[in-house]
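Protein chains get the first letters and strands the later ones, always in sequence-line order, with residue 1 at the start of each.
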Protein chains: 2
Amino acid sequence: MLSKKSKYALKAMMVLAKEYGQGPVLISDLAQREDIPRKFLELILLELKNQGLLQSKKGKGGGYFLGRDPQLISVGHIVRVLDGPIAPLPCVSKMAYMRCRECRDERTCAIRFVMKEVRDATAKIMDSTSLADMLRQVETVVNGKEPLSFAI
Amino acid sequence: MLSKKSKYALKAMMVLAKEYGQGPVLISDLAQREDIPRKFLELILLELKNQGLLQSKKGKGGGYFLGRDPQLISVGHIVRVLDGPIAPLPCVSKMAYMRCRECRDERTCAIRFVMKEVRDATAKIMDSTSLADMLRQVETVVNGKEPLSFAI
DNA sequence: AAAGATCGGGACTGACTCAGTCAAGAGCCT
DNA sequence: AGGCTCTTGACTGAGTCAGTCCCGATCTTT
């Protein structure tokens with residue numbers, strides 16, 4: 001389950017991606033535009049900055065802005081910064097592998113095998129989708145070029 | 001992230017699948033064989049029974065056993081009983097859909113689109129893998145017919 | 001140098017969930 | 001009747017989630 005932290009982070013990053021190259025954006029602006037509790041958002045942006053995804057500038061005319069091109073920032077990276085590993089079990093995580101204490105034999109653990117498939121599928125989707133991809137996605141739908149296949 | 005509940009449930013169900021058709025298995029046996037806290041396991045098996053995946057028999061010679069053929073019980077079903085919906089966001093869940101309170105327009109929400117892909121991929125894997133499949137998987141690996149491609 | 005705008009950091013909180021434990025009860029078999 | 005099972009309900013301690021509050025630290029502009 002995606003935490004609110006990650007969801008807020010993705011929303012804020014989307015705004016910053018749209019505004020990329022046009023100077024810093026205020027925390028307050030982001031908070032207001034996306035309806036995110038301001039102080040909580042500060043926390044989130046800070047973490048993203050500490051992991052190098054964002055940069056900030058203090059004082060008047062300051063704010064936050066993307067550390068690099070929206071094409072080079074993936075959903076997977078953002079989610080991992082806020083929520084930690086994507087894998088449903090530590091024993092199938094690539095970034096934070098940890099053996100199951102009670103596992104007799106990892107090679108023959110069927111649960112592990114299924115969860116590894118899940119991890120790989122999830123990671124593939126999240127790591128291959130960039131902020132730029134998402135912006136493009138929104139554009140296409142807005143312009144009515146998409147059949148809206150997944151709308152409920 | 002898969003909870004311990006789900007993990008324990010899958011382990012216990014695997015044992016019961018292997019023992020399918022050979023009478024009930026004691027909670028204590030399951031707990032001991034898979035190294036699961038006994039009282040906690042009781043809770044888990046009860047939930048699985050209430051959802052119809054298991055049946056039980058009281059008194060001497062009693063215990064738990066699968067409610068139907070291992071081929072007809074999927075990993076997805078088990079996980080959903082213990083952990084709830086698989087979807088990373090309620091707004092992309094098929095079983096427990098819930099609108100995002102602050103979402104202006106679901107059709108143009110890129111986050112939702114990505115998470116829907118994740119949900120679908122995960123559900124596809126989990127729902128198409130049965131207990132019988134997992135047992136077969138273990139067999140094949142044990143007999144050395146598998147290249148162990150995913151071993152670390 | 002001072003004012004005002006901005007991000008930064010720490011401590012704190014209330015509600016909730018996770019991972020159990022404990023005690024007593026209810027049904028079944030011999 | 002008596003013992004073997006599952007069943008139920010209450011309880012708990014630790015940890016996480018989703019914030020809030022207050023006080024700094026820096027930067028820009030005047």
Specify the closest pair of heavy atoms between [X] and [Y], including all atoms of both residues, with the distance to one decimal.
X      : Y      : value
A:S28  : A:R38  : OG-NH1, 3.2 Å
B:P24  : B:G61  : CG-O, 3.5 Å
A:R107 : B:V141 : O-CG1, 3.6 Å

Check your understanding: Looking at A:I73, A:I44, A:D83, which hits side-chain contact (heavy atoms from CB on, under 4.5 Å) with A:I78?
Key ->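 In the set A:I73, A:I44, A:D83, the residue that makes a side-chain contact (heavy atoms from CB on, under 4.5 Å) with A:I78 is A:I73.
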Exercise for review: With B:L131 as reference, evaluate B:H77, B:Q71, B:M13 under the side-chain contact (heavy atoms from CB on, under 4.5 Å) test and give the passing residue.
Suggested key: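 The passing option is B:M13.
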Without decimals, in angstroms, what is the distance between [X] [atom1] and [N] [atom2]?
X     : N      : atom1 : atom2 : result
A:L41 : D:dG19 : CG    : P     : 11 Å
B:K4  : C:dT17 : NZ    : C1'   : 15 Å
B:L45 : D:dT5  : CG    : C1'   : 13 Å
A:K5  : D:dT16 : NZ    : C1'   : 10 Å
B:E42 : C:dC22 : CD    : P     : 12 Å
A:E47 : D:dC17 : CD    : P     : 11 Å
A:L46 : D:dG24 : CG    : P     : 19 Å
A:I44 : C:dG8  : CD1   : C1'   : 15 Å

Check your understanding: Quick one: is A:Y8 getting a side-chain N or O under 4.0 Å of the D:dG19 phosphate, OP1 or OP2?
Key ->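 For D:dG19, OP1/OP2 do have a side-chain N/O of A:Y8 under 4.0 Å.
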Do NZ/NE/NH1/NH2 and the carboxylate oxygens of [X] and [Y] come within less than 4.0 Å?
X      : Y      : result
A:D35  : B:R104 : no
B:E106 : B:R112 : yes
A:K124 : A:D120 : no
A:E139 : A:R136 : no

Exercise for review: Output yes when a side-chain donor or acceptor of B:D133 lies under 3.5 Å from a complementary backbone atom of B:S130, and no otherwise.
Suggested key: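 Confirmed, B:D133 side chain pairs with B:S130 backbone.
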Review point. Under the 3.5 angstrom rule, does the side chain of A:S6 hit a backbone N or O of A:S3 as a donor-acceptor pair?
Key: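 Not at all, since once roles are kept as given, no pair shorter than 3.5 Å links the two residues.
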Practice item. Starting from the 5' end of DNA chain C, give me the residue, A:L43 or B:S3, whose nearest nucleotide shows up first. Key: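 Going by which nucleotide is closer to the 5' end, it is A:L43.
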Point to revise | Sorted by number, the residues of residues 21-31 of chain A with heavy-atom contact under 4.0 Å to DNA chain C | key: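 Correct list: A:V25, A:L26, A:I27.
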**Study point:** Interface residues of residues 74-90 of chain B with DNA chain D (non-hydrogen, below 4.0 angstrom)
**Key:**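 Nothing qualifies; none.
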Check your understanding: Which letter, B, S or -, goes with each nucleotide of nucleotides 24-30 of chain C from 5' to 3', with contact meaning a protein heavy atom under 4.0 Å?
Key -> ---BBS-
